[in-house]
Structure formats: structure tokens, C-alpha cells
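Because only heavy atoms are used, hydrogens play no part in the values below, and waters and symmetry mates are left out as well, while side chains stay in. As the structure is a computational prediction, the values presented were derived from the model and not from experiment.
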Amino acid sequence: MVPQRVIIVEDEYLVALDVEAVLQSMGVETIVIATTLAQARQAVEQDGADCVLLDVSLSDGMSYDFARQLREAGIPFGFVSGYGDTTGFPEDLSRAPLLGKPFGENEIMDFVLDLLGVSNDVVKE
């Protein structure tokens, strides 16, 4: 199962474009790049998401509260961040999936599939 709609919440536009290219190569139909939390919230409210990739620190704040909103809504999410681990994260988000930057194409593919609970072997078949 390849996600149909993924939201990338990232204020470093080149990083977001790299992730977008990987998602396109996976066959994701709709990819939304949000550079602020306000844009991300609007994108989720308008059309939902199969999963959301969140940078931790954005120009308009930390994404922790938004992550909690996603969790409450049942939308899979993971942090994509320069933080090496979740040590400094709030306790309730310390076990959230985290993909550290920099990352490779295969790492982002595996990360997205893991968020959805899909094996990469199923996608390759």
C-alpha cells in the first residue's frame, strides 16, 4: 500500500523537495509541502492525510502540539529532524517515530512505509 496523500511539514525547502521526489518515485499521488504549522493544519483540515512527515522546529514554532493533534485524529506521523534522538522531546512524544537528517532515499521510503505499517517487500512486488 502506497500512501495517496502525504503532507511534508518542513521549512527547509530543498529538504522538502528531496522528500517530495522520493515520495513521487514511490507513486504517492498527492504531496503537500507545508513550510509552517499553520499551512500544515490547513492542509490536514481540508483534505486529511495518509501520513505526515514533521520537522520538529519550524519558523512558527515547535511541531509537538500538531503531532498530538495528528495522533488524536488517528493520522500516522513521524518526525524528520536533525535531532539525533527523542531525548529532548516531551515525554508523551518520546516514542514517536524519528528519521534523522541527513537521510537517503531508501531510508525515507522505509520510514513512510513503517508509519503505515506496510512492509517494503509488499510495495516492491
Identify the heavy atoms of Tyr64 and Gly88 that sit nearest to each other, and give their distance. OH-O, 4.3 Å
Aromatic ring proximity, centroids under 6.0 angstrom, Phe111 and Phe103: no
Hey, could you give me each pair passing side chain to side chain donor-acceptor pair (under 3.5 Å) that has a residue in residues 26-40? Not counting sequence neighbours. Thr35-Gln39
Could you tell me whether Lys101 and Glu10 have a side-chain N and a carboxylate O separated by less than 4.0 Å? yes
Between Phe77 and Phe66, is there a side-chain heavy-atom distance shorter than 4.5 Å? no
Listed by chain and number, what are the salt bridge (charged side-chain N to carboxylate O under 4.0 Å, His left out) partners of Asp92, not counting sequence neighbours? Arg68, Arg71
Can you give each donor-acceptor pair under 3.5 Å made by side-chain atoms of residues 44-57, sequence neighbours left out, with the distance rounded to 0.1 Å?
from  : atom 1 : to   : atom 2 : distance (Å)
Asp50 : OD2    : Gln4 : N      : 2.5
Asp50 : OD2    : Arg5 : N      : 3.0

Contact summary for Ala40 and Ala34, nearest pair of heavy atoms: N-CB, 3.5 Å
Would you indicate whether the side-chain heavy atoms of Val28 and Val2 approach each other to under 4.5 Å? yes
Given Leu115, Leu23, Val32, the one that forms side-chain contact (heavy atoms from CB on, under 4.5 Å) with Val6: Leu23
Looking only at heavy atoms, which two atoms of Ile33 and Ala16 are closest? And how far apart? CG2-CB, 3.7 Å
Hey, what do you get for CD1 (Ile7) to CD (Gln42), rounding to the nearest 0.5 Å? 10.5 Å
Side chains of Asp65 and Leu37, heavy atoms from C-beta outward: is any pair under 4.5 Å? no
With respect to Glu107, which candidate in Val80, Val112, Leu99 satisfies the side-chain contact (heavy atoms from CB on, under 4.5 Å) definition? Leu99
Shortest non-hydrogen contact from Ile31 to Glu20? CD1-O, 3.6 Å
How about Leu17 and Val19: do any of their side-chain heavy atoms sit closer than 4.5 Å? no
Leu93 side, atom CG; Phe79 side, atom CZ - distance, nearest 0.5 Å: 5.0 Å
